Amino acid sequence: LQVFDEGKDVTPHPLFQSDPTTAALRQDKLSGATGSILLALFPTQQLSRTSLTSLSCTTSISNASTTESVPDEAAEPGSLGDTTVSFPDVQARQEETKELSEADLDRRVDIYLTETETIWILDLPAVVMSTESEDAERVLERNRVYTDMCKSKADDDRFVEKAMQTINGATKNKEVQCDRIIMEDKGEMVTSWGFYDTFNTLEIEPVFKTEGSTDNKTEKATETSHKSRTTKKQDHTTPVSSTKGSTTSATSESAAIAKNQEEEEKEQEECQSEALPIPENLQEGLFFMERILMENIFQPKLAAYRQFPILIDPGVTSHSSGTERDKKEAKQEKVEAFTDPSILSALKEETTPLPTLEWLWSYACDLTNGHSVSSMAWSKVNPDLLAVGYGAFDFKGQKKGLACCWSLKNPMWPERIFQCEYGVTALDFSMASPNLLAVGMYNGSVTIYDVQSCNDAVLLDSSESLNKHTGPVWQLRWVEQDRGEAGGGKRERLFCISADGRITEWYIQKRLDCTDLMKIKRKESEKKTLPGKKERKSKALISRQAAGMCFDFHPKDTNFYLAGTEEGSIYQCSCSSNEQFLKTYRGHKGPVYKVTWNPLSTDMFLSCSADWNIILWHRHSQTPVLTFSSASAFVHDIMWSSKSAFMFAAVNESRVEIWDLRVSILEPVLSRFANPTVKFTSVLFAKNTDCLLVGDSEGEVSVFLLQNLAALNNSKV
């Protein structure tokens with residue numbers, strides 16, 4: 001078949017050139033009529049290889065003469081007896097075909113299209129199944145077996161449930177039921193004469209508060225009395241237009257008269273108060289009166305704090321306490337009468353009181369509400385004076401801070417209040433000069449206040465220092481050191497650690513200035529490579545300095561100190577060397593919030609971190625001795641007890657814990673949960689008493705009494 005366009009041959013050429021011997025063989029097998037019919041079906045369409053291979057066509061020719069011409073080849077594939085001819089066979093035919101006759105054109109041709117094999121691009125198996133399906137019973141039985149297996153392993157000692165830290169906690173919806181809010185509508189009628197009377201009362205001239213103004217006062221009184229008489233006359237002469245208007249005018253005039261009378265009474269009281277002489281020692285008398293009132297209110301709590309016997313009014317509680325005591329004694333006599341002495345002694349040993357944490361009072365006032373307690377420090381000289389710093393740890397919630405000095409004699413209002421421009425992050429009292437209080441702030445500045453002064457003026461400030469910190473000052477301390485100076489005595493120095501990676505030493509002269517004691521450099525973690533694997537290239541560090549979080553000097557040799565960093569490492573450093581670390585302790589996976597030496601066993605120290613763990617370390621070992629973890633929360637602060645080498649306190653966001661290593665190393669011996677809306681932030685043991693101070697996120701410092709703890713008053717190491 002050829003195609004001509006205006007005399008030009010434009011017949012399309014086939015893309016596939018087959019073997020001529022194969023084409024001749026297939027031509028012998030097929031009759032010429034069949035090929036003519038197939039070419040007549042597609043006279044002008046150019047058949048490509050891709051289209052022919054993607055679709056197969058089965059052609060069946062219902063003609064008796066065709067089937068008779070190939071009777072012997074009916075079983076061969078591709079023959080007409082099988083009535084299957086593929087498109088590649090048609091494409092491979094290159095020889096010229098004969099023209100179709102009228103009989104060929106009228107012949108019936110059947111074409112069958114078959115579906116190719118389905119190709120699945122995405123197949124997601126279902127996780128649910130209908131209960132009416134055939135496999136429903138099998139799936140239900142499998143789920144039942146899995147549930148029974150989980151129940152059987154719940155009480156097995158080999159399976160322990162342990163929570164892990166996740167990146168983002170799942171959100172929850174919480175609904176709270178409250179009382180119905182009742183709305184009320186109130187209205188009042190206002191008239192023009194009511195406005196007139198109100199403006200007239202406001203235009204009354206104020207009375208001069210001088211001793212020689214009696215004539216003016218009498219004139220003022222006559223004017224007001226005259227106005228009251230004229231208003232009364234106007235009430236009788238004005239016509240009444242409506243009942244509501246008359247009642248409103250009468251009430252407004254009566255209110256104006258009542259206001260005039262109140263002003264006259266206030267003037268008389270002021271004149272009497274000015275006439276009374278004010279004594280010079282009035283403020284001092286009020287101060288002592290306040291102390292007496294606080295003693296009367298907090299006497300039982302203060303007595304329990306100082307471990308004194310609590311005084312009970314005999315006139316009120318003698319009868320009740322006597323009757324209760326008689327009942328207890330009678331009951332005890334009955335028990336002893338019918339009990340074996342050996343069993344009775346065993347029962348007395350078993351009935352030991354349990355340790356408790358009793359709340360006494362809280363240091364809080366209106367100024368501290370809404371401020372988070374960031375740090376606490378006792379005065380080195382006065383054990384009843386407590387300094388508390390208030391500030392926010394979050395960068396977004398920063399506001400002005402406070403530094404307050406609380407006294408045990410007045411738990412309801414601080415003795416000194418120092419307003420700070422930024423949040424307070426650390427503070428400490430001086431030992432050599434007990435009146436000096438050093439305060440570190442979130443913006444990196446360090447200030448020193450004089451607590452003996454009644455005003456809140458800053459004594460020294462680091463704003464003029466060229467080496468001041470550029471990050472928050474997380475901790476500062478006054479430390480006495482002996483570095484071989486002239487005179488042979490110890491000299492007190494102020495040290496700070498900041499988020500900019502520097503540990504500084506401050507000098508108090510005409511102004512506050514510092515020098516770098518140590519620059520904490522980042523160190524890459526030592527990763528062990530398995531044999532046969534290549535070492536990965538280390539990532540480039542954004543900053544060469546690690547953010548410092550906390551530090552603590554050795555209680556005996558203050559030349560050595562520990563420094564905790566944000567990357568989780570703890571470094572042992574020396575004041576004599578500012579270039580390298582003596583030792584590195586790795587065990588935490590998050591920022592180290594606090595590190596503290598044991599005051600009685602000076603080779604041991606504790607550290608707490610944001611990875612929920614508390615680790616006990618030995619000075620000469622770089623591997624943890626013990627790890628304590630009781631709750632899935634950040635451990636913000638820890639502190640050793642000064643009375644026992646085995647006891648320490650820790651606070652996380654939800655509770656405060658007391659650990660006694662002689663009793664248990666798995667869980668605390670005593671704990672107390674915080675309110676749902678409050679988070680604990682800091683902890684501090686009281687001096688010379690068995691009390692614990694806990695600061696929270698709402699600005700309160702709660703004082704708790706530790707009772708029935710066997711480890712107290714035991715300094716054995």
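The residues of the chain are indexed from 1 along the displayed sequence. Not measured: the values here are computed from a predicted model. FYI, side chains are in, hydrogens and waters are out, and symmetry mates aren't considered; it's all heavy atoms of this structure.
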Begin from the C-alpha positions of Cys365 and Trp406 and carry the test side chain to side chain contact (heavy atoms under 4.5 Å, CB included) through to its verdict.
CA-CA 11 Å; Cys365 63; Trp406 295 87; 4.0 Å; yes
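- Side-chain contact check for Tyr305 versus Leu408: some heavy-atom pair is nearer than 4.5 Å.
- Residue Lys400 places its NZ atom among 12 or fewer non-hydrogen atoms of other residues, nucleotides or ligands, all under 6.0 Å distant.
- No side-chain heavy atom of Thr681 sits less than 4.5 Å from a side-chain heavy atom of Ser374.
- One finds the CD atom of Glu567 at 12.5 Å from the NZ atom of Lys589 (value rounded to the nearest 0.5 Å).
- Gly444 and His469 get closest at one heavy-atom pair: O-CB, 3.4 Å.
- When all heavy atoms of Leu476 and Ala426 are compared, the pair lying nearest together is N-CB, 3.8 Å.
- Residue Ile497 holds its CD1 atom at 8.5 Å from OG1 of Thr565, rounded to the nearest 0.5 Å.
- Looking at Ile570 and Ile615, their side chains never come closer than 4.5 Å, going by heavy atoms from C-beta outward.
- Of the inter-residue distances, the one linking Glu657 atom CD with Ile614 atom CD1 reads 6.0 Å to the nearest 0.5 angstrom.
- Between atom CD of residue Gln299 and atom CZ of residue Phe308 there is a gap of 11.0 Å, rounded to the nearest 0.5 Å.
- For the residue pair Ser133 / Asp135, no side-chain donor-acceptor distance below 3.5 Å is found, with atom types taken as modelled.
- The two residues Val424 and Gly389 make their nearest non-hydrogen contact at CG1-CA, 3.8 Å.
- Between Pro599 and Ser642, the closest heavy-atom pair is CG-CA, 4.4 Å.
- When each of Phe553, Tyr571, Phe581 is tested with Tyr561 by the rule ring pair (Phe, Tyr, Trp, His ring centres under 6.0 Å), just one qualifies, namely Phe553.
- Closest approach of Gln622 to Trp617, counting heavy atoms only: O-CZ3, 3.5 Å.
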Can you check side chain to side chain contact (heavy atoms under 4.5 Å, CB included) on Phe495 and Arg477, steps first, answer last?
CA-CA 5 Å; Phe495 297 95; Arg477 277 193 59 184; 5.6 Å; no
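- The closest side-chain heavy-atom distance from Thr368 to Val388 is not below 4.5 Å.
- For the pair Arg662 (side chain) and Phe646 (backbone), a donor-acceptor distance under 3.5 Å is absent.
- Between Trp361 and Phe298, the ring planes are perpendicular. Angles over 60° get that label, and only those under 30° would be called parallel.
- Looking only at distances, no side-chain donor or acceptor of Asn598 sits under 3.5 Å from a matching main-chain atom of Met604.
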Test side-chain hydrogen bond (donor to acceptor under 3.5 Å, both in side chains) applied to Ser630 and Glu667, step by step:
CA-CA 6 Å; Ser630 62; Glu667 56 185 21; over 6 Å; no
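- When each of Ile638, Leu692, Ile658 is paired with Val683, the side-chain contact (heavy atoms from CB on, under 4.5 Å) condition holds for Leu692 and for no other.
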Worked check of side-chain hydrogen bond (donor to acceptor under 3.5 Å, both in side chains) between Ser609 and Asp611:
CA-CA 5 Å; Ser609 173; Asp611 60 358; 3.3 Å; yes
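- Within a 6.0 Å radius of NZ in Lys556, no more than 12 heavy atoms belonging to other residues, nucleotides or ligands are found.
- With hydrogens and angles left out, the side-chain atoms of Thr677 and Asn675 include no donor and acceptor closer than 3.5 Å.
- Under the 3.5 Å distance criterion, the side-chain polar atoms of Ser372 are left unmatched by any main-chain donor or acceptor of Ala392.
- Checked by atom type and distance alone, the side chain of Asn708 pairs as donor or acceptor with a backbone atom of Leu354 at under 3.5 Å.
- A pairwise comparison of heavy atoms in Trp612 and Ala633 identifies CD1-O, 3.2 Å as the closest pair.
- Within a 6.0 Å sphere centred on CE of Met412, heavy atoms belonging to other residues, nucleotides or ligands number 12 at most.
- Taking the six-membered ring where tryptophan is involved, the planes of Phe628 and Phe648 are tilted, since the angle between them lies from 30° to 60°.
- Here the side chain of His554 pairs a donor or acceptor atom with the backbone of Thr602 at under 3.5 angstrom.
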Could you give the side-chain donor-acceptor pairs of residues 142-151 under 3.5 Å, partners two or more places apart or in another chain?
unit_1 : atom_1 : unit_2 : atom_2 : d
Asn143 : ND2    : Val139 : O      : 3.4
Arg144 : NH1    : Glu141 : OE1    : 2.4
Thr147 : OG1    : Asn143 : O      : 2.9

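- Just one of Phe551, Trp640, Tyr585, Phe560 meets the ring pair (Phe, Tyr, Trp, His ring centres under 6.0 Å) condition when paired with Phe605; it is Tyr585.
- Taking OG of Ser574 as the start and CD of Gln580 as the end, the distance is 10.0 Å to the nearest 0.5 Å.
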Show, in sequence, the C-alpha distance, side-chain angles and deciding distance for His618 and Asp603, and conclude whether the side chain to side chain contact (heavy atoms under 4.5 Å, CB included) test is met.
CA-CA 6 Å; His618 193 275; Asp603 289 336; 3.8 Å; yes
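- Side-chain contact between Ile520 and Ile503: present, with at least one pair of heavy atoms (C-beta onward) separated by less than 4.5 Å.
- Arg306 places a side-chain heavy atom less than 4.5 Å from the side chain of Asp384.
- No side-chain heavy atom of Met441 sits less than 4.5 Å from a side-chain heavy atom of Val473.
- For residues 629-640, the salt bridge (Lys or Arg N to Asp or Glu O under 4.0 Å) pairs, not counting sequence neighbours, are Lys594-Asp637.
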Run the side chain to side chain contact (heavy atoms under 4.5 Å, CB included) test on Leu684 and Met639 for me, step by step, so that the C-alpha distance in whole Å, both residues' side-chain angles and the decisive distance to 0.1 Å come before the verdict.
CA-CA 7 Å; Leu684 183 67; Met639 185 178 184; 3.5 Å; yes
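- Interatomic distance, Ser601 OG to Leu616 CG, rounded to the nearest 0.5 Å: 8.5 Å.
- When side chains are defined from C-beta on, Asp690 counts as touching Lys643, because their heavy atoms get closer than 4.5 Å.
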